[in-house]
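Remarks on the structure that follows.
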2 protein chains.
Amino acid sequence: MFIHGRPTATVGLSGRHLQMTRRIPPAPPPPSRPVTIHDVARRAGVSTATVSRAIGNPGQVTEETRSRVLAAIRATGFTPNATARNLRARSTKTVLVLLPGLGNSFWNVIINSLEDVLSEHGYGVIFGDTRNDPEREAHYERLVRSGQVDGLLLFTGRLPHPDFIQLDRTIPITLVSNEVPGCPDLPLIGIDNRAAAAEMTRYLIGRGHRRIAHLTGPHGHPEAAERIKGYRDALAGAGIAHDEALIWPGGFDPASGRRGAERFFALADRPTAVFAASDEGALGLIKALKDRGLSVPEDVSVAGFDGIEYSGIYDPALTTVLQPRSELGRLAGENLVKRMDRSAPPPPPARTHLACTLLIRDSVGDGPAAGRKGALRANRRAAT
Amino acid sequence: MFIHGRPTATVGLSGRHLQMTRRIPPAPPPPSRPVTIHDVARRAGVSTATVSRAIGNPGQVTEETRSRVLAAIRATGFTPNATARNLRARSTKTVLVLLPGLGNSFWNVIINSLEDVLSEHGYGVIFGDTRNDPEREAHYERLVRSGQVDGLLLFTGRLPHPDFIQLDRTIPITLVSNEVPGCPDLPLIGIDNRAAAAEMTRYLIGRGHRRIAHLTGPHGHPEAAERIKGYRDALAGAGIAHDEALIWPGGFDPASGRRGAERFFALADRPTAVFAASDEGALGLIKALKDRGLSVPEDVSVAGFDGIEYSGIYDPALTTVLQPRSELGRLAGENLVKRMDRSAPPPPPARTHLACTLLIRDSVGDGPAAGRKGALRANRRAAT
DNA sequence: AGGATCGATGTAATCGATTACACGCTTGAG
DNA sequence: CTCAAGCGTGTAATCGATTACATCGATCCT
């Protein structure tokens with residue numbers, strides 16, 4: 001791969017011309033002070049209280065004054081200042097969603113269903129990208145502590161600060177996907193990583209694989225740790241000896257898949273299948289294997305985890321664990337909404353673990369033990 | 001592909017137990033009213049004004065009172081209420097970034113560099129996902145009109161409302177990537193789509209292709225339209241007759257690539273190369289071609305546009321147009337920061353068009369005219 | 001008819017911070 | 001010794017909306 005670069009064009013200039021033509025009319029209305037409720041009140045010949053009521057409590061004002069106020073609002077182009085309103089209401093009707101990285105397509109569906117639920121209940125949503133960077137986390141902590149949001153959805157699996165948890169007394173926090181160490185009494189909506197990983201591993205065993213490697217997620221990541229456990233559960237359940245050399249430290253990115261491939265080629269006794277803890281890792285791994293002349297699934301089988309969109313258009317289409325992302329988002333949103341409702345008593349902080357489904361596609365083939373009695377038995381067990 | 005589903009587990013119950021143990025201590029401090037500047041003032045034995053000054057204008061208070069105030073702040077755990085502060089300051093030091101869809105990995109790099117620049121200048125960033133849905137757009141319009149943000153970065157190429165532009169007199173707006181129809185005097189940071197598309201098309205011609213199809217972006221999308229123009233420019237420049245049957249309506253998603261493949265197979269006189277207006281479309285197209293038994297680039301060449309991460313780990317690695325995403329984000333951020341600075345005169349609303357680079361990888365092979373004199377000439381021209 | 005009631009509206013307090021202005025004390029110059 | 005300047009601090013206005021309470025008529029009941 002090389003970069004074939006040629007500057008096609010650089011900076012346009014048309015703006016300068018436009019700017020000059022725009023300066024000629026001597027500033028129609030000057031940087032006009034934004035229109036407030038007082039302007040509307042004056043114009044409609046009522047008090048500000050009446051204007052406020054006409055907007056928020058129709059029924060408390062005559063139909064006649066109301067229409068007069070609405071006309072004044074339309075004429076002036078008034079929009080209530082949300083900051084003032086929030087100050088008075090001590091609430092912003094806004095939820096902050098903290099993610100470890102916004103650009104990842106894994107969030108796509110979750111974000112959408114999340115937003116649907118929250119906006120249905122009248123909440124706005126803003127997203128924050130922490131990149132697991134303490135400075136960034138501190139920035140968002142300030143956003144929360146300073147009362148800018150009414151609730152917090154935490155996807156990151158980490159808190160900016162050990163004391164952050166005390167916020168739970170200020171605003172509700174709901175964890176999504178990731179446990180946060182040391183916070184057992186925050187509600188969590190996640191998946192059953194261990195069971196899902198075990199199921200995929202059993203599927204691989206059922207296809208006749210006996211030497212199965214696991215490309216893990218990031219070190220210290222709670223979900224990744226659960227997936228490792230599930231992988232081990234399944235191996236142990238099938239009576240397959242554990243081989244530490246088949247556990248490859250990875251991450252949730254394609255580069256970690258490439259590193260996994262290096263491990264693969266370095267082994268004398270290579271695995272016949274690799275179960276990756278993320279689709280991104282799996283795809284990076286497949287690419288690296290193919291680059292070295294192997295084919296998937298003929299030479300090696302590879303399975304992933306997550307079910308991102310790209311895994312379906314890869315060649316081969318990736319066999320993977322499909323996370324119920326839409327439901328995850330919906331439940332997380334509903335949970336938070338309930339806890340933000342100050343009128344009702346808060347529901348108990350339950351931990352919800354959703355089931356995943358296997359998405360069998362084309363990246364896993366039969367292993368050396370396929371067709372044997374043991375394989376069939378394992379297969380049947382996996383499909384129960 | 002079929003779904004091999006088995007409910008591994010459903011809902012955990014540990015929460016109920018936790019809840020019960022948690023209820024026993026009789027609510028240590030009741031839902032304590034958040035601590036305000038008055039609490040700090042009282043504790044430090046000074047006025048609220050002094051507290052405020054101790055925080056914001058050190059130097060205006062004695063070192064001794066200052067430390068006393070800081071001690072009181074630490075003791076009470078005080079964090080200034082940002083809503084009140086914003087109300088008074090008539091500014092929130094926050095920027096809203098509106099995207100047509102957050103989950104797309106194309107935004108990854110842009111978002112990061114954007115955030116870096118803005119936070120360097122003391123601005124927070126919040127993201128909004130419009131999905132090109134008028135209702136959602138209206139929601140964010142309210143956010144802007146109600147003074148919740150100081151500036152707006154618009155990636156969506158559309159305005160919620162024709163009058164939205166008047167906001168330009170309220171808060172600065174900077175367009176990124178996409179022109180908005182009818183808004184010639186908003187500054188824009190984008191790329192030179194036409195030149196880049198022409199360059200890629202010339203590269204295909206240079207590799208000996210003569211029948212080149214173009215899988216377009218979404219109908220009506222300004223950048224996609226420019227890319228079509230560039231494609232046509234290059235064909236015309238090489239004296240290749242235009243064939244309307246080779247322009248396939250697409251989108252920025254893999255599904256549109258599949259539809260493109262259907263067009264491909266429906267043609268009697270098939271193209272030898274396809275230039276897609278997006279990587280996502282290109283990948284979807286390749287997958288569909290391979291599913292029908294063709295190989296890329298041996299049977300057909302495919303080129304993309306954007307340079308998303310996945311294009312590099314695909315098999316074959318995609319030859320594509322690399323957008324300078326990091327620079328795009330940085331310039332957009334800097335432009336907006338300058339315009340939000342009320343002390344300096346606003347810079348003229350220029351339109352900046354950055355150059356892209358070709359990323360030559362493995363998805364384009366030689367066409368039937370390769371090696372011929374004309375091909376060489378075209379090739380040389382493309383590489384100038 | 002007189003007083004209670006109710007409905008529509010205005011007045012003013014309030015949310016929590018910032019900041020213009022006033023005040024009092026210290027200090028230095030004349 | 002007096003007055004101005006300067007510094008540190010407090011008082012109160014302010015940002016823009018919401019809302020408790022007061023007010024004023026009109027209506028209704030006995």
Side-chain angles (χ1 to χ4, degrees), chain A residues 32-70 72-73 76-94 142-143 145-150 170 342, chain B residues 32-70 72-73 76-94 142-143 145-150 170 342:
Chain A
S32 53
R33 179 179 55 76
V35 26
T36 74
I37 200 172
H38 289 97
D39 304 320
V40 176
R42 200 173 317 122
R43 187 176 187 112
V46 296
S47 73
T48 61
T50 304
V51 175
S52 176
R53 283 188 279 250
I55 303 170
N57 305 58
Q60 283 194 32
V61 294
T62 321
E63 193 48 52
E64 193 263 327
T65 32
R66 186 175 133 82
S67 66
R68 202 146 38 90
V69 168
L70 293 185
I73 288 178
T76 54
F78 166 71
T79 309
N81 179 311
T83 307
R85 180 180 276 182
N86 292 343
L87 176 60
R88 175 68 218 230
R90 294 153 160 274
S91 135
T92 58
K93 280 285 179 183
T94 301
R142 243 172 288 135
L143 208 65
R145 299 190 79 100
S146 64
Q148 303 258 64
V149 296
D150 289 353
T170 317
R342 290 181 201 164
Chain B
S32 53
R33 178 182 53 77
V35 26
T36 75
I37 200 172
H38 289 97
D39 304 320
V40 177
R42 197 172 322 119
R43 187 178 187 110
V46 296
S47 74
T48 62
T50 303
V51 175
S52 177
R53 281 188 281 249
I55 302 169
N57 304 58
Q60 284 193 32
V61 294
T62 319
E63 193 46 52
E64 192 264 327
T65 29
R66 186 173 132 83
S67 66
R68 199 144 41 89
V69 168
L70 293 186
I73 289 179
T76 55
F78 166 70
T79 309
N81 180 311
T83 307
R85 180 181 276 180
N86 292 342
L87 175 60
R88 175 67 217 229
R90 295 153 161 272
S91 134
T92 59
K93 280 288 180 182
T94 300
R142 243 172 287 135
L143 209 64
R145 300 189 78 101
S146 63
Q148 303 256 64
V149 295
D150 289 353
T170 316
R342 290 180 199 165

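First the proteins, then the strands, lettered A, B, ... as listed; each starts at 1. Keep in mind that this is a model prediction, so the values were computed, not measured.
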Margin query: Closest-nucleotide mapping onto DNA chain D: is R88(B) or T79(A) further toward the 5' terminus? I mean the 5' end.
Written below: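 Checking each residue's closest nucleotide, the 5'-ward one belongs to R88(B).
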Checklist line | Outermost DNA chain D nucleotides near chain B [under 4.0 Å, heavy atoms] | finding: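 The protein-touched segment is dG8(D) to dG16(D).
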Next item on the list: May I have the distance from H38(A) (atom NE2) to dG10(C) (atom C1'), rounded to whole angstrom?
Entry: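 The distance from NE2 of H38(A) to C1' of dG10(C) comes to 12 Å, rounded to the nearest Å.
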Next item on the list: Please step through side-chain contact (heavy atoms from CB on, under 4.5 Å) for the pair V69(B) and V46(B), ending with a clear verdict.
Entry: CA-CA 8 Å; V69(B) 168; V46(B) 296; 4.1 Å; yes
Identify the two heavy atoms, one from [X] and one from [Y], that lie closest to each other, and give their separation to 0.1 Å.
X: K93(A); Y: D150(A); value: N-OD2, 2.7 Å
X: I55(A); Y: F78(A); value: CD1-CE2, 3.9 Å
X: T48(A); Y: A41(A); value: N-CB, 3.8 Å
X: A82(B); Y: Q148(A); value: CB-CD, 3.5 Å

Margin query: For residues 42-56 of chain B, which residue pairs pass the salt bridge (charged side-chain N to carboxylate O under 4.0 Å, His left out) check, not counting sequence neighbours?
Written below: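 Sorted pair list: D39(B)-R42(B).
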Next item on the list: Can you pull out how bent the helix from dA1(C)-dT30(D) to dG30(C)-dC1(D) is, comparing the axes over its first five and last five pairs, to 10°?
Entry: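 Helix axis angle between the two ends: 60°.
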Which atoms of nucleotides 6-9 of chain C (N or O only) lie under 3.5 Å from a protein N or O atom, and what are those distances?
from	atom 1	to	atom 2	distance (Å)
dA8(C)	O3'	T62(A)	OG1	3.0
dT9(C)	OP1	T62(A)	OG1	3.1
dT9(C)	OP1	T65(A)	OG1	3.2
dT9(C)	OP2	T62(A)	N	3.0
dT9(C)	OP2	T62(A)	OG1	3.2
dT9(C)	OP2	T65(A)	OG1	3.0

Notebook entry, point to check: How many angstroms lie between atom CD1 of I73(B) and atom CZ of R66(B), to the nearest 0.5 angstrom?
Noted result: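 So the CD1 of I73(B) and the CZ of R66(B) are separated by 9.0 Å.
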Checklist line | Partners meeting side-chain contact (heavy atoms from CB on, under 4.5 Å) with L87(A) (sequence neighbours left out) | finding: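 L87(A) satisfies side-chain contact (heavy atoms from CB on, under 4.5 Å) with T83(B), A84(B), L87(B) only.
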Item checked: salt bridge (Lys or Arg N to Asp or Glu O under 4.0 Å) partners for R68(B), two or more places apart ->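 R68(B) satisfies salt bridge (Lys or Arg N to Asp or Glu O under 4.0 Å) with E64(B) only.
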Note to self: Checking T36(A) against N81(A) for the side-chain contact (heavy atoms from CB on, under 4.5 Å) test, could you report, in this order, the C-alpha distance in whole Å, the side-chain angles of both residues, the deciding distance, and whether it holds?
What the structure shows: CA-CA 8 Å; T36(A) 74; N81(A) 179 311; over 6 Å; no
